[in-house]
Asker: 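The structure under discussion is supplied below as structure tokens; questions concerning it will follow.
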Amino acid sequence: MDLSTPVRDALAELLLTLADDEFVLGYWDSEWTGIAPMLEEDVAMSSVSQDEIGHARAWYELVASLTDDDADRLAYGRAPEEYRHAALMNHARTDWAFTVARRFLYEHADAARLESLARSSYSPLAELAVKMRREETYHLMHFEIWLRRLAEAGGEARERLAAALERLGPDAATVFSPLAGEAALVEAGILPDPLDALRSRWLERVGPVCEALGLPAPDGAAALPPDGRTRRTDEFAWLHGELTMVARSEEAATW
Amino acid sequence: MVVTRQTRDARDVVIWSALDEIADPEIPAVSVVELGVIGGFAFAPRPEGGERLTVELLPTFVGCPAIDVMQQQIGERLQALELVDEVRVEVSFAQPWTSERITPEGREKLRRSGFAPPVVTGPTFDGEELQVMLATAECPYCGSRNTTLENAFGPTLCRAIYHCADCRQPFEQFKSI
């Protein structure tokens, strides 16, 4: 597929948002390794995080092939303000209820996004989306089970979960922040649905689950902030220092 | 021309049998051919002269950490056959690896080494299908279906953990995907 320069740049930007979402969330949740609420969950969360970082690697390689860059540099060689993850991924790991709330909101957003991208006219993108969807089905199921478990437990578990959903709702919607060049991607069939339409589909899925459990659902009418994918927090700056530590220690090393 | 397992000449037979001697790095009981991760291979003349063999590798999971090791082992093994001037092993998602790609021999070898083979996946692989699939692992020790899922995420990305209520053994399943 021949891509004009503006379309290629817009595609690289879209792919970078996919990569950074998975990469940053994968790192935050890998912090549960060794300290998850129970041993089985320790193994599960480590596996889920490994999946996400693996997905990020595949997306970074696709970006690198379009922009003549290097996947390792994209992952570990950028300044914090150059990352393009959604504001949802700016928050630190926090507690287990917060992690489950974020995962529930994100996995549904990612599912809506991948379902659309599986129909992309850009075949390297479509092929990866098809493959990842099958893996992400496991993630979605896993965190919906946890959402129900904490919600139905009542008491402090339920209170913490509800508070986390309330706090994260506005930031979760920033997964669907409009992209520069989005119209050109939609026109070329590379992004089969506008991000705003995907946001509606996401709300149609998370809303009923939250309502059935008496939990706060994200507000579908709220306007998206203009800095949804560019806002960076001190918490992310700390994570960035952690995750780039090894790469910075010997910049000329090959891996 | 892409060579699949159905179309073989003498050189192809040598390559398939060499590939069949390469064990999966994470579950060495099965070969990369039995696991179904070889999509096919093709010979092509190189612009600079000589001939190149390109092998298509289909990862079981996108983030599988064994991909690099597999690429290296396949490349070295085929290079050693001295059939062509260059061997390339390319990772591809053009046809997604699914559980159905494990051969009947591969499924039997998995079972004999204590892994339940994956169940046949549904066409859309949505949450409802997954719930049904996850409930039906067959114990590799006693054949019972009276098993429960302990963890959909096991020691590697491609393994889930079950318990058999009849022979009271924990066992792993090669995940259905």
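If you're wondering where the values come from, they're calculated on a predicted model, not measured in any experiment. Here is the naming used below: chain letters follow the sequence lines, and residue numbers restart at 1 for every chain.
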Asker: B:P65 versus A:Q50: any side-chain heavy-atom pair under 4.5 Å?
Answerer: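 In contact.
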Asker: What part of B:I67 gets closer than 4.5 Å to chain A, counting heavy atoms only: side chain, backbone, both or neither?
Answerer: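 Neither part, no heavy atoms under 4.5 Å.
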Asker: Ignoring hydrogens, what is the shortest heavy-atom contact between B:V62 and A:G54? Give both atom names and the distance.
Answerer: CG1-O, 3.9 Å
Asker: What are the two closest heavy atoms between A:E40 and B:E150, and how far apart are they?
Answerer: OE1-O, 4.0 Å
Asker: For B:R46, enumerate each residue passing the salt bridge (Lys or Arg N to Asp or Glu O under 4.0 Å) test, keeping only those at least two apart in sequence or located in another chain.
Answerer: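 If we apply the salt bridge (Lys or Arg N to Asp or Glu O under 4.0 Å) test to B:R46, skipping adjacent residues, the hits are B:E48, B:E86.
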Asker: When rounded to the nearest 0.5 angstrom, what distance separates CZ in A:R134 from NZ in B:K175?
Answerer: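 Atom-to-atom, A:R134:CZ and B:K175:NZ are 13.0 Å apart.
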Asker: Using a cut-off of under 4.5 Å on heavy-atom pairs, state which of A:M132, A:E52, A:H142 scores highest against chain B.
Answerer: A:H142
Asker: Could you report the tightest heavy-atom contact between A:E127 and B:A94, atom names first, then the distance?
Answerer: CD-CA, 3.4 Å
Asker: Can you tell whether the side chains of A:R57 and B:D68 come within less than 4.0 Å, N to carboxylate O?
Answerer: yes
Asker: Under 6.0 Å from the CZ atom of A:R248, do we count more than 12 heavy atoms belonging to anything else shown?
Answerer: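 Yes, CZ of A:R248 has more than 12 neighbouring heavy atoms, counting only those of other groups under 6.0 Å.
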Asker: A:A44 and B:N151: which non-hydrogen atoms are nearest, and at how many Å?
Answerer: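 Scanning both residues completely, I find the closest heavy atoms to be CB-OD1, 3.7 Å.
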Asker: Please verify the inter-ring angle class for B:F153 with A:H139; under 30° counts as parallel, over 60° as perpendicular, anything in between as tilted.
Answerer: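 B:F153 vs A:H139 ring planes: tilted.
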Asker: Compare every heavy atom of A:V130 with every heavy atom of B:P96, then report the nearest pair and how far apart it is.
Answerer: CG-CG1, 4.1 Å
Asker: Looking at NZ of A:K131 and OG of B:S92, how far apart are the two atoms once the value is rounded to the nearest 0.5 Å?
Answerer: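 Those atoms lie 11.0 Å apart.
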